[in-house]
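Bear in mind the structure is a predicted one, so any value in this text is a computation, not a measurement.
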Amino acid sequence: MKKTIMMAALVAVVCFLGACKKEGVYNPSEKLSKIYKASTNKAEYLDGSTWREAYNESTPKTLEESWTWDGKKLMSVSSHNSDGTVDPDEVITFTYDGKRLTKINSGSGAGNYAEIIYDGSVIDKIQAYTNSVLTTTVTFTYDGKKVSQITYTYAGEIEPTKAPQSFALLDFINNTFTPSNNENLTDMIRKDVSKGANSMTTTYTWDGKNISKESYSNGNFTATVDYTYDNKTNPFKGYVIDYLGETVLAASKNNVIKAVSTYTSEGRSESETTEYTYEYDGKWPVSRTYTYSSSEDNYRSSSTNITYYEYVD
């Protein structure tokens, strides 16, 4: 998935979720250097009484991202094209005030950025700009030291149906609530946005240092996800932004092994369960795999996705 500054801002700074000792600081003991992905997608259709292959496609292990560090600070994350080259428009860079993140820049355009605004030691809000125009404001509500609610608001002059970049918000919700990237959920939200919905609220429930439930609503649409974890170390804990679509994974101490999603829009409800398996080097994951499958009367499909992690030597 291509990353835009709007998406980066919307999913930004997971330290606000109570994932690190000081908000805006990400300094894990094992630092990611490269992320690779591989996938297999299959589908079959029912021809009379016989299931026949509709497609069977595989993507080999491919470099997705490279991370650059300056000592304890993450300075940039670069997305790679399928041929391994870096896409200059998909490079995210970070600006700090001391150790604390204050600004995220996206690609080669100076007008695409997000500003992180603090209230003392906590993040108050994030303002995202596209072509130097304010497009989204993200505000936070706290319960003690942990965020309990986040509200996303579009700028009134931005019409989602006429501003394709604003649909990065749909990608954010889609990835947050359905790790398998369920297209039906995206369609539901897209309809809400096209009808003029210009805000949304996400609520978090915590179980110790992990998020146990995530809920979203904006009037026409509701969704909840319940999470189960292992006891291993999450390398994204405290990650300053999360454009991998893993907001909860980045906020929590441990690694998600199961996510149960339920969502409803205009009387139409769907649910799905995604389970994850990991390979570890000690307590740190070196790969994560999930398989998603769906079935209808005359059609069925499945996809297997593997993410590989490499760390700084």
Q: Is Asp97 close to Thr102 at the side-chain level, that is, under 4.5 Å between some pair of heavy atoms?
A: yes
Q: Between Tyr227 and Glu214, do the side chains contain an N or O donor and an N or O acceptor separated by less than 3.5 Å?
A: yes
Q: Tell me whether the guanidinium CZ or amine NZ of Lys34 lies under 6.0 angstrom from the six-membered ring centre of Tyr309 and within 45° of its axis.
A: no
Q: Do Thr40 and Asn56 touch side chain to side chain, with heavy atoms closer than 4.5 Å?
A: yes
Q: May I ask you to list the residues sharing a hydrophobic cluster with Leu63, side-chain cutoff 4.5 Å, ordered by chain and number?
A: Tyr36, Ile306, Tyr308
Q: Say whether Thr291 and Thr304, considering side chains only, have a donor N or O and an acceptor N or O under 3.5 Å apart.
A: yes
Q: Let me know which of Tyr292, Tyr229, Tyr290 forms a ring pair (Phe, Tyr, Trp, His ring centres under 6.0 Å) with Tyr276.
A: Tyr290
Q: Suppose we screen for side chain to side chain contact (heavy atoms under 4.5 Å, CB included). Which residues come up paired with Asp47, at least two apart in sequence or across chains?
A: Tyr45, Arg52
Q: So, Asn254 and Asn231: side-chain donor and acceptor under 3.5 Å apart, yes or no?
A: no
Q: Testing the 3.5 Å rule here: is there a donor-acceptor pair between the side chains of Tyr280 and Asn255?
A: yes
Q: Any donor-acceptor pair under 3.5 Å linking the side-chain atoms of Thr153 with those of Thr137?
A: no
Q: Tell me if the NZ atom of Lys42 is crowded by more than 12 foreign heavy atoms within 6.0 Å.
A: no
Q: Do the charged groups of Glu64 and Lys37 touch, with an N to O distance under 4.0 Å?
A: no
Q: Please determine, by modelled atom types, if Asp83 and Thr85 share a side-chain donor-acceptor pair under 3.5 angstrom.
A: yes
Q: Is Glu279 atom CD crowded by more than 12 heavy atoms from other residues, nucleotides or ligands, each under 6.0 Å away?
A: no
Q: With the side chain counted from C-beta on, respond yes when Tyr278 and Thr307 share a heavy-atom pair under 4.5 Å apart, and no when they do not.
A: no
Q: Between Glu44 and Arg300, is a salt bridge (Lys or Arg N to Asp or Glu O under 4.0 Å) present by the stated rule, with each step listed?
A: CA-CA 5 Å; Glu44 296 177 310; Arg300 61 191 184 191; 2.7 Å; yes
Q: Angle class for the Trp284/Tyr311 ring planes (parallel below 30°, perpendicular above 60°, tilted otherwise)?
A: perpendicular
Q: Would you say Asn112 and Asn105 make side-chain contact, with heavy atoms under 4.5 Å?
A: no
